[in-house]
Amino acid sequence: MDEYLLEVRGLKTHFLGNKGEIAAVDGVDFAVKKGETLCIVGESGCGKSVTSMSILKLLPPEGKIVEGNIFFKGNDLVKMSESNMTAIRGNEISMIFQEPMTSLNPVYTVGKQIGEAIRLHQHLDKKQTREKVIEMLKLVGIPAPEKRVDEYPHELSGGMRQRVMIAMALSCNPELLIADEPTTALDVTIQAQILELLKEIKNRLNTSIIMITHDLGVVAEVADYVLVMYAGEVVEYCDVKTLYKKPLHPYTQGLLNSLPKIEETKEMLNIIEGTVPSLYDMPSGCKFWPRCPYAQDVCKKERPKLYEKDNHKVKCFLYRDFEKGEINYGA
Ligand SMILES: Nc1ncnc2c1ncn2[C@@H]1O[C@H](COP(=O)(O)OP(=O)(O)O)[C@@H](O)[C@H]1O
Ligand SMILES: [Mg+2]
């Protein structure tokens, strides 16, 4: 148990809406060790953000964890009181979001906001706090931090604002950093710089990171392990090298095929046909079968299990022989 910093087991998070109850996260398992980066990848709406909000227990009132455990350093966050969660949030577990402008308060300077985060958790006086803020800005690669510390969010570029968010998230020395699409709103060059920064942080501070993204290009850059989600479920889970070398699930194969290759023009890209099914109207059997090029009768009737071989997990009937110890890489 204590081998993992975070261990999520059988997590189910539901929303109660006017059309009934939906399973946004429908039985998700994964684990993260100290210093490891796990990427959660999948198309929009597949439950990535709800998974991370469940970990922090920051769900809206209509959302509820209905099953499962979230062990953080051995303690189950699902059962933890709100006051204990408050002590963990922004302290032992920090989060950064996609749009830094909406997460920063426009009326306070950068220094005041990061300072607030620091002061909340460390006992420093005004001067020490300012010094610490400047040190944090330096850590995240903001040039002229002595000047930037007195600026307002609107005076910074999108990339710089995201660096400020990262500085804020790191100011309390979290053991786990959850980054939900932290580079999606940024242009490609800035995106690469932020990913580089996150890698550096992981190496220097040994922070565990859960990186949420819909972009397999990002995954290749930063991940140690990858969890592929589809319609609230884990469809594939393995280390990053294996995922790119031998993707098993037809959905993962589709995602990888849709990555632009240098020799191809945009028109020639393979995209997975169809869309993620509505959570109110899930297909019977495997949730992916309506879009799957290999769907068989069994896929339409039964739900596949997460089959496992050599630490490579895949939820697809093509690999049901894994359980018998036979290798059938299917398609
Ligand atoms: N407050 C909510 N009420 C009802 N459904 C929600 C709510 N928040 C998210 N959902 C649904 O949960 C599913 C997963 O959403 P989300 O985790 O945000 O997806 P993503 O993978 O894009 O981050 C989606 O179908 C979404 O519509
Ligand atoms: Mg999301």
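Since this is a predicted model, take the numbers as computed values, not measurements. Numbering starts at 1 and runs along the sequence shown. Counting starts at 1 for both ligands and their atoms, in listed order.
In Lys64, the NZ atom is not crowded: 12 or fewer heavy atoms of neighbouring residues, nucleotides or ligands sit closer than 6.0 Å.
Electrostatic pairing of Arg291 and Glu43 counts as a salt bridge here, judged by a charged N lying under 4.0 Å from a carboxylate O. Using a cutoff of 4.0 Å between basic side-chain nitrogens and carboxylate oxygens, Glu175 and Lys73 are scored as salt-bridged.
Residue contact check: Ser44 has heavy atoms under 4.0 Å from atoms 22 (O) of ligand 1. Near Ala24, meaning under 4.0 Å from any of its heavy atoms, are these atoms of ligand 1: 12 (O), 13 (C). The atoms of ligand 1 that sit less than 4.0 Å from any heavy atom of Ile22 are 5 (N).
Of all the heavy atoms of Val50, the ones lying under 4.0 Å from any atom of ligand 1 are found in both the backbone and the side chain. When non-hydrogen atoms are compared, ligand 1 lies under 4.0 Å from neither the backbone nor the side chain of Thr51. Contacts between Met229 and ligand 1 below 4.0 angstrom, taking non-hydrogen atoms only, are absent altogether. Looking at Pro60 against ligand 1, only its side chain comes within 4.0 Å, counting heavy atoms.
Donor-acceptor pairing under 3.5 Å is recorded for the side chains of Thr252 and Glu236. Asp281 and Ser278 share no side-chain donor-acceptor pair at under 3.5 Å. One side chain, His214 or Glu181, offers a donor N or O that lies under 3.5 Å from an acceptor on the other.
Closest to atom 25 (O) of ligand 1, if we only count protein heavy atoms, is Leu279 CD1, 3.2 Å. The protein heavy-atom contact nearest to atom 1 (N) of ligand 1 is Glu62 OE2, 2.9 Å. Looking at atom 9 (C) of ligand 1, its nearest protein heavy atom turns out to be Phe15 CE1, 3.7 Å. Considering only non-hydrogen protein atoms, atom 22 (O) of ligand 1 sits nearest to Gly45 N, 2.6 Å. Ranking protein heavy atoms by distance to atom 18 (O) of ligand 1, first place goes to Ser49 CB, 3.6 Å.
Under the 4.0 angstrom criterion, atom 7 (C) of ligand 1 counts as having a protein heavy-atom contact. Atom 27 (O) of ligand 1 is not flagged as protein-proximal [any protein heavy atom, distance under 4.0 Å].
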His249 and Phe288: ring pair (Phe, Tyr, Trp, His ring centres under 6.0 Å), yes or no, with the steps? CA-CA 10 Å; His249 200 284; Phe288 187 61; 5.7 Å; yes

Residues Tyr237, Phe30; criterion side-chain contact (heavy atoms from CB on, under 4.5 Å); working and verdict: CA-CA 8 Å; Tyr237 185 24; Phe30 62 86; 3.6 Å; yes

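For residue Ser44, no N/O/S atom approaches the Mg ion (ligand 2) to within less than 2.8 Å.
At least one heavy atom of Cys46 sits closer than 4.0 Å to an atom of ligand 1.
The closest donor-acceptor contact from the side chain of Thr109 to the backbone of Lys112 lies under 3.5 Å. Listed for the Ser94 side chain is no donor-acceptor partner under 3.5 Å among the backbone atoms of Pro174.
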